[in-house]
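Computed from a prediction, not measured in an experiment: that's the story for all the values here. Throughout, protein chains are lettered first and strands after them, A, B, ... in sequence-line order, and every chain is numbered starting at 1.
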Amino acid sequence: MKTSSGSPTNKKQVKSEGHPSGDDRFKALDRTMKRFNFEKDSLLEVLHDTQEIFGFLSDDLLIYISTHLRVPLSQVYGVATFYHFFTFEPLGKHNCIICRGTACHVKGSDVITQALSEEFAVPIGKTTEDGLFSLTTARCIGSCGLAPVAVLNGAVHGKQTPQSMITLVKDVLEQETEVLEQGEAG
Amino acid sequence: MTLEKLERMAQRERQRQEKFERRIFCCISTACLSAGAGQTINALQEAVDACHCKENDVEVVQTGCMGLCSRGPLVRVEDKSAETLIYADVDVDLSQQIISKHVPMRKLTDESIPEEMQELRENLKKARRRKRLEKHILGMDSPFFAKQEKIVLRNVGHLDPEKIEDYLAHGGYSALRHVLQNMTAEEVCDEILRSGLRGRGGGGYPTGLKWKSMHQEESETKFVVVNGDEGDPGAYMDRTMMEDNPHQVLEGMIIAAYAVGASYGYFYIRGEYPIAVDRIRRAIRTAHRNGILGKNVLGTDFNFDAAVRIGAGAFVCGEETALIHSVEGKRGMPRMRPPYPSTSGLWGKPTIVNNVETMANVPPIINRGADWYANIGTEQSKGTKVFALAGQLTNTGLIEVPMGISLREIVYDIGDDVPGDAEFKAAQTGGPSGGCIPHEHLDTPVDYENLSKLGSIMGSGGLVIIDSTTSMPEFARFFMDFCVDESCGKCVPCRVGTIQIRILLDKIIAGSGEPEDLNKLEDLCHIVKDTSLCGLGQSAPNPVLSTLKFFLDEYIALIPAQEPA
Ligand SMILES: Cc1cc2nc3c(=O)[nH]c(=O)nc-3n(C[C@H](O)[C@H](O)[C@H](O)COP(=O)(O)O)c2cc1C
Ligand code: FES
């Protein structure tokens with residue numbers, strides 16, 4: 001960072017040699033930390049990038065970050081758990097986020113969440129046992145004019161009903177089983 | 001040197017745009033995209049290509065929000081020799097009809113065109129005969145558009161947010177240039193003060209005063225932070241501004257930095273807004289490349305640079321002291337004020353925090369003058385306010401109205417009433433920190449003072465309409481749930497109080513409340529309000545208090561009748 005800020009920088013920079021597991025993704029993480037000069041106050045940015053690279057924050061990752069940024073592990077854990085954005089469990093292969101912001105709430109988004117949870121036998125905020133499908137919620141996706149809103153695998157769907165969402169999710173999951181069956185047959 | 005270059009860029013882009021006989025704008029904001037604007041813009045472009053127009057006949061432009069999100073995808077046709085039209089709900093089929101109506105098809109010898117295009121051309125000819133189009137025209141004189149006044153959103157929906165040339169061609173960065181060339185920092189502070197601009201992040205503190213006090217701080221290092229955390233669920237004004245006209249926010253930020261004497265700034269943007277993050281980052285990069293950011297801004301001796309910080313989903317981080325902790329990479333917990341951030345902010349240095357919309361108001365004020373701005377609005381609330389109009393209304397979307405407009409006009413004229421048989425019940429402003437305004441107060445002028453008199457707040461601009469199907473105690477519990485989740489836990493009244501309020505609400509809603517529970521509820525609300533550390537706790541009881549005030553009968557109806565002893 002080229003700022004003239006009074007932010008504390010680590011004087012002795014840790015030379016990173018990747019992770020003993022040899023996992024290449026750690027190299028990307030190292031690059032992120034390097035970009036921030038291993039500054040302690042880049043912790044939040046580093047956590048963001050880590051989640052983007054690995055999908056979730058495991059204990060191992062938190063320890064790795066703590067060592068390299070020289071921030072006490074308790075602090076890394078404290079920051080990571082403070083923010084709702086970070087998750088400590090891997091998400092399912094397909095992910096459905098239902099908005100429960102005010103606009104979506106008054107248009108019945110909780111009915112949609114409930115219906116999906118029952119239909120696909122997955123508790124809200126969790127992933128199915130086969131790891132295929134997660135059902136999560138969000139605080140406003142910023143498309144309130146189209147309430148109720150859901151995001152399925154990154155695509156925003158507006159003006160949904162429980163039935164339309166169930167159909168959308170079913171379609172995605174059916175394609176998944178088709179792929180699986182073809183794989184077994186072939 | 002830089003100035004001339006920018007002027008040339010603006011000139012060139014203006015000339016380029018003026019050459020076109022007609023320009024067709026397609027909104028690609030999140031709302032329209034989820035309604036299929038991606039296919040729409042492709043269909044428009046393909047159809048235009050198939051027409052084989054003469055050079056400079058037509059251009060398809062991707063642009064930002066045109067306001068009426070519930071009717072997206074929206075397409076606007078600007079024709080030099082015809083009236084400007086906006087079409088709603090434009091799917092692929094309608095796109096073809098639009099092109100066949102507005103764009104002349106050039107005759108070609110058949111051999112020269114590939115087969116697919118031949119087919120599309122036939123289709124376009126047929127499309128001309130279909131009659132669906134008329135129904136999709138939105139009248140520009142309809143109350144939805146006519147009652148609005150656009151200052152902040154003026155260029156949103158008119159330019160390509162990813163092109164700095166387009167912003168320049170619309171007069172972009174002229175305010176910054178004027179400030180750097182002709183005004184001292186004090187003069188900028190005074191101008192903003194005189195305009196009467198107040199913070200749009202919710203508090204409504206006079207922006208000029210904030211800047212002035214920061215200007216007077218003696219410190220080598222000062223910071224500017226733009227608050228793009230937009231925590232109110234049900235609102236997306238700041239998101240739209242950052243996504244659809246990022247340079248206007250950036251320009252406001254640089255002017256602020258000049259006025260207060262800061263040399264570095266941060267955009268703090270909600271993690272849930274990846275497109276906004278991307279657009280602001282891109283805007284910073286292009287501004288850098290063109291000498292608008294960095295060393296010697298626009299060739300003067302003023303230096304300023306900016307970076308983006310991404311929030312991670314904590315409502316309390318919208319609060320300025322919590323936000324500062326979060327930028328420093330810590331847990332986003334608020335602290336006692338004073339000292340205010342303008343004395344001790346980021347890393348202990350003087351810092352101003354301003355909302356995205358506040359910053360976006362700055363360039364127009366400089367360009368058109370404080371007097372012009374101070375003429376709009378009411379005695380104590382000047383200018384306009386952007387609202388995200390949502391909930392049970394026919395027209396939902398993003399609107400900008402002059403301060404002092406009545407809620408009635410917003411609900412019945414702009415919003416075109418509640419759809420179906422249901423009836424309007426209340427307007428909720430300010431999200432989890434605000435309150436509900438019932439029918440009998442619909443004539444209240446919308447400004448900071450009047451809304452707080454009613455026990456609500458202006459807030460950042462969420463405006464959710466509820467109809468008779470919503471139960472008010474349950475609605476209050478919805479917000480209390482939110483506050484329980486979002487309380488950071490630092491102070492006891494907020495951490496414990498919000499939970500106790502929710503437990504009481506649960507009990508009442510379950511039908512096992514006792515008459516004195518309502519008094520208890522009210523007392524508890526006042527305790528939390530009066531003793532919490534930060535704005536979150538201090539305003540968390542508002543939704544309960546305002547529904548108790550205006551909809552007490554709904555609470556009483558839930559309390560079982562007492563058997564006479
Ligand atoms: C709980 C809480 C949440 C807030 N959220 C936001 C927000 O999302 N965006 C915002 O601009 N200001 C928010 N604020 C207000 C900020 O603390 C601060 O007053 C504002 O950013 C100052 O900018 P302004 O003067 O331009 O309004 C929030 C305040 C509180 C107490
Ligand atoms: S409330 Fe659901 S998108 Fe905003």
Around A/Lys159, counting heavy atoms of other residues, nucleotides and ligands shown, do more than 12 lie under 6.0 Å from its NZ?
yes
Any sub-3.5 Å donor-acceptor pair from A/His48's side-chain atoms to B/Ile310's backbone N or O?
yes
Side-chain donor or acceptor of B/Lys330 paired with backbone N/O of A/Leu44 under 3.5 Å:
no
Any donor-acceptor pair under 3.5 Å from B/Glu272 side chain to A/Cys140 backbone
no
I need the B/Asp467 CG to A/Lys107 NZ distance, nearest 0.5 Å.
9.0 Å
Considering all heavy atoms, the nearest B/Arg331-A/Tyr83 contact
C-OH, 3.8 Å
B/Asp485/A/Arg139 salt bridge by N-O under 4.0 Å criterion:
yes
Residues, nucleotides or ligands: over 12 heavy atoms within 6.0 Å of A/Asp130 CG:
yes
For B/Phe315, is it the side chain, the backbone, both, or neither that has a heavy atom closer than 4.5 Å to a heavy atom of chain A?
neither
Interface check, chain B: of A/Ala147, A/Cys144, A/Pro148, most non-hydrogen pairs under 4.5 Å belong to A/Cys144
N/O donor-acceptor pair under 3.5 Å between B/Arg239 side chain and A/Ile141 backbone
yes
Compare all side-chain heavy atoms of B/Trp347 with those of A/Asp41 and state whether any distance is below 4.5 angstrom.
yes
Verdict with supporting geometry, A/Val156 and B/Leu33, side-chain contact (heavy atoms from CB on, under 4.5 Å)
CA-CA 8 Å; A/Val156 180; B/Leu33 268 187; over 6 Å; no
If I take atom CZ from residue B/Phe479 and atom NE2 from residue A/His105, how far apart are they, to the nearest 0.5 angstrom?
8.0 Å
I'd like to check B/Glu486 versus A/His84 (side-chain heavy atoms, cut-off strictly below 4.5 Å). Are they in contact?
yes
Between A/Phe82 and B/Cys488, is there a side-chain heavy-atom distance shorter than 4.5 Å?
yes
For chain A, which of B/Gly271, B/Gly462, B/Pro432, B/Gly332 has the most heavy-atom pairs under 4.5 Å?
B/Gly332
Please report the interatomic distance CG(A/Leu146) to OG(B/Ser34), rounded to the nearest 0.5 Å.
4.5 Å
Return yes if some donor-acceptor pair links the side-chain N/O of A/Thr102 with the main-chain N/O of B/Pro233 below 3.5 Å, else return no.
yes
If you tally heavy-atom pairs under 4.5 Å against chain A, which of B/Cys32, B/Gly311, B/Gly489, B/Gly231 wins?
B/Gly311
Whatever's closer than 4.5 Å to a heavy atom in chain A on B/Met237 counts as neither
Per-residue contact mode, B/Ser29 against chain A (heavy atom under 4.5 angstrom):
neither
Nearest heavy-atom approach of B/Tyr236 to A/Gly145 is OH-N, 3.8 Å
Just so I understand: if I count every heavy-atom pair under 4.5 Å between each of B/Ser326, B/Ala35, B/Ala388 and chain A, which residue has the most?
B/Ser326
By a 4.5 Å heavy-atom criterion (distance strictly below it), what part of B/Val327 contacts chain A: side chain, backbone, both, or neither?
backbone
Determine whether more than 12 heavy atoms belonging to other residues, nucleotides or ligands lie under 6.0 Å from atom CZ of B/Phe302.
yes
Nearest heavy-atom neighbours spanning B/Gly313 and A/Phe85
N-CB, 4.2 Å
How about A/Val106 and B/Phe475: do any of their side-chain heavy atoms sit closer than 4.5 Å?
yes
Looking at chain A, which one of B/Glu230, B/Glu328, B/Lys222 has the largest number of heavy-atom pairs inside 4.5 Å, strictly under?
B/Glu328
dist A/Asp110:CG -> B/Glu474:CD (nearest 0.5 Å) comes out at 9.0 Å
